[in-house]
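Every chain is numbered from 1 and lettered A, B, ... according to where its sequence line falls, protein lines coming before strand lines.
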Protein chains: 2
Amino acid sequence: MIKHQLLDKDSVRCNTCVLGHICVPQGLNVQDTARLNDLVKERVRIPKGTLFFKAGDRLTALYSIRSGSMKLQLENESGHMQITGFAFAGEIIGLDALAENAHISNAIAMEDTEVCVIRMSDLNFLSKEIPALAYRITRLMSQEISRSHNMVLSLGAMRSEQRLAAFLINLSQRFTCLGYSGSEYVLRMSREEIGNYLGLTLETVSRLLSRFAKEGLIRIHQREVQILDFNGLQTLIQNDPVHRVEFPKLTACN
Amino acid sequence: MIKHQLLDKDSVRCNTCVLGHICVPQGLNVQDTARLNDLVKERVRIPKGTLFFKAGDRLTALYSIRSGSMKLQLENESGHMQITGFAFAGEIIGLDALAENAHISNAIAMEDTEVCVIRMSDLNFLSKEIPALAYRITRLMSQEISRSHNMVLSLGAMRSEQRLAAFLINLSQRFTCLGYSGSEYVLRMSREEIGNYLGLTLETVSRLLSRFAKEGLIRIHQREVQILDFNGLQTLIQNDPVHRVEFPKLTACN
DNA sequence: CGTTCAGTTGAATCTGGTCAAGTAAAGTGG
DNA sequence: CCACTTTACTTGACCAGATTCAACTGAACG
């Protein structure tokens, strides 16, 4: 069951949250961040596997992931799901719902996850008070467009091994930003989910991971990944026998 | 050469523009639309083939296409281009630049094109005056996210014939929204551009178009397309021998 | 009128998907 | 705690869809 938790004044709020540097407060000055206390009044615990919101649900809040991870997927009438993204701590989900005031994708917890609830009413109110906050939301949306465009680039222009290598590197970078090891991490998603996300089958993903391991690029045991040759993976991505392209350049934590 | 044209008071402005129902004014009430006079002070003519803005250029304005068409493409270090979208009359380009205040993609005119210049300074000023305008921009961004997610869905989950069929139908819908025929139109882009956009080679595109014609789904002569069997194309897309999916459902003009 | 560019079509090739069998890990119930 | 089931993953053999390479056709253009 999903547990709601109202925050009392002793709870960690945005202005003292360790995730501030990647979450909503990022880029805001100290004074503005201090005024974010009322942005999050509630947190929610979502057990692994739970459908947290689904396409069509009315938009009432944006959610920032405090711990855990979620997958976002589009569904179509015939029931096929396409995963459009994975979200980890500090990342905001729900931005694609602003157009229609209703969610477009499903959000499902890949592990026990806790999210901060940013009610639209509070967000709209505070945005008027703090122009930098409104700007921050705009930037987050624009980033999401850019992220999605890069995904199109990846799916349209990269071969399977490049997509997977890029995926591993991308995860590495995100974990690094979160303060975790970028060279050794645990995949939160199954082979099938990776494949779905990258437009491949689970068999292909499995085969490629095995191959990468055999070539000494990574070590893999179950979902534990160890990046042994970061440059090798980069090279693989840039290696372009047939007009194919490398993955989006390294980006700073944001 | 790119020609700038300052608008005098006799020029067509947003409040009287025939594209209002799909462009920025969409969804705004009559009073608000009337106040949009200062949104566009300038129009620019872009000859066919011109690189209008490129990745890295500072964001100074958003552009609404008044006539003609543009392609948007991402570039990477090794010079490969991936087309991420085509824009036609009434559509806004440049939204992905809001995150970094710099453009991420290149915009190139596919034919002689005229765009309305929406300077960021004017936009920001008017957004404060007209809350519905700020909301409209948010919606446009969110729509772009959603559009891009659908593209990911298409690239990740559809086979070549489905992608192309979906592409033709999508164009049909957009031209219909613009008041042109949806069953007979001229492709503004080459086979190579279509292929690049859909993650296929130009040969595959050509072969599929020939096949569609042979099957009586379309008629094609050069870049002139005539949709003969709309439902047939739809069926093709939905036909799902292997977990594949159909294209994003029909959408209203927005 | 020849050159160039866009598009078509065919044949060979290959990447990645499909189907199938097998293994390992993780639950589940006694 | 152990057998049993289920789920996740691996690996192999085969096949199909899409790419590549190449030759050719037809429009467009100076």
Would one find a side-chain N or O of [X] under 4.0 angstrom from OP1 or OP2 of [N]?
{"X": "B:Ser206", "N": "C:dG7", "value": "no"}
{"X": "B:Ser210", "N": "C:dT9", "value": "yes"}
{"X": "B:Thr201", "N": "D:dA18", "value": "no"}
{"X": "B:Ser160", "N": "D:dA18", "value": "yes"}
{"X": "A:Arg223", "N": "D:dC9", "value": "yes"}

Rounded to whole angstrom units, what separation is found between the [atom1] atom of [X] and the [atom2] atom of [N]?
{"X": "A:Arg163", "N": "C:dG16", "atom1": "CZ", "atom2": "P", "value": "7 Å"}
{"X": "B:Glu161", "N": "D:dT19", "atom1": "CD", "atom2": "C1'", "value": "17 Å"}
{"X": "B:His221", "N": "D:dA27", "atom1": "NE2", "atom2": "C1'", "value": "9 Å"}
{"X": "B:Ile194", "N": "C:dT8", "atom1": "CD1", "atom2": "C1'", "value": "14 Å"}
{"X": "B:Lys48", "N": "D:dA28", "atom1": "NZ", "atom2": "P", "value": "11 Å"}
{"X": "A:Ile220", "N": "D:dT11", "atom1": "CD1", "atom2": "P", "value": "11 Å"}
{"X": "B:Arg191", "N": "C:dC5", "atom1": "CZ", "atom2": "C1'", "value": "13 Å"}
{"X": "B:Leu155", "N": "D:dA18", "atom1": "CG", "atom2": "C1'", "value": "14 Å"}

Side chains of A:Glu111 and A:Ser69: any donor to acceptor distance under 3.5 Å?
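Yes.
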
Compute whether any side-chain donor of one residue and acceptor of the other, for A:His149 and A:Glu144, lie under 3.5 angstrom apart.
no

Select base, sugar-phosphate, or nothing to describe what B:Gln222 touches, counting heavy atoms under 4.0 Å on all strands.
sugar-phosphate

Under 4.0 Å, counting only non-hydrogen atoms across every strand here, what does A:Gly199 touch: a base, just sugar-phosphate, or nothing?
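Result for A:Gly199 = sugar-phosphate.
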
Below 3.5 Å, does any donor atom in the side chain of B:Arg207 face an acceptor in the base of D:dG17, or the other way round?
no

Donor-acceptor pair present, A:Arg211 side chain and C:dT15 base, under 3.5 Å
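Check fails, no donor-acceptor contact within cut-off.
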
Which of the following nucleotides, D:dA18, C:dT8, C:dT18, is nearest to the side chain of A:Glu203?
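Given the options D:dA18, C:dT8, C:dT18, the side chain of A:Glu203 is closest to C:dT18.
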
Checking contacts here: which listed nucleotide (C:dT8, C:dG17, D:dG12) is nearest the side-chain heavy atoms of B:Leu202?
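The answer is C:dT8.
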
On the 0 to 90° scale, with breaks at 30° and 60°, tag the B:Phe53-B:His103 ring pair as parallel, tilted or perpendicular.
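Because their plane-to-plane angle is under 30°, the rings of B:Phe53 and B:His103 count as parallel.
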
Would you please classify the geometry between the B:Tyr63 ring and the B:Phe52 ring as parallel, tilted or perpendicular, with 30° and 60° separating the classes?
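If you compare the ring of B:Phe52 with that of B:Tyr63, the planes turn out perpendicular.
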
Is there a side-chain contact between B:Ser105 and B:Gln73 in this structure, where contact means two heavy atoms from C-beta onward sitting under 4.5 Å apart?
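Sidechains of B:Gln73 and B:Ser105: no contact.
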
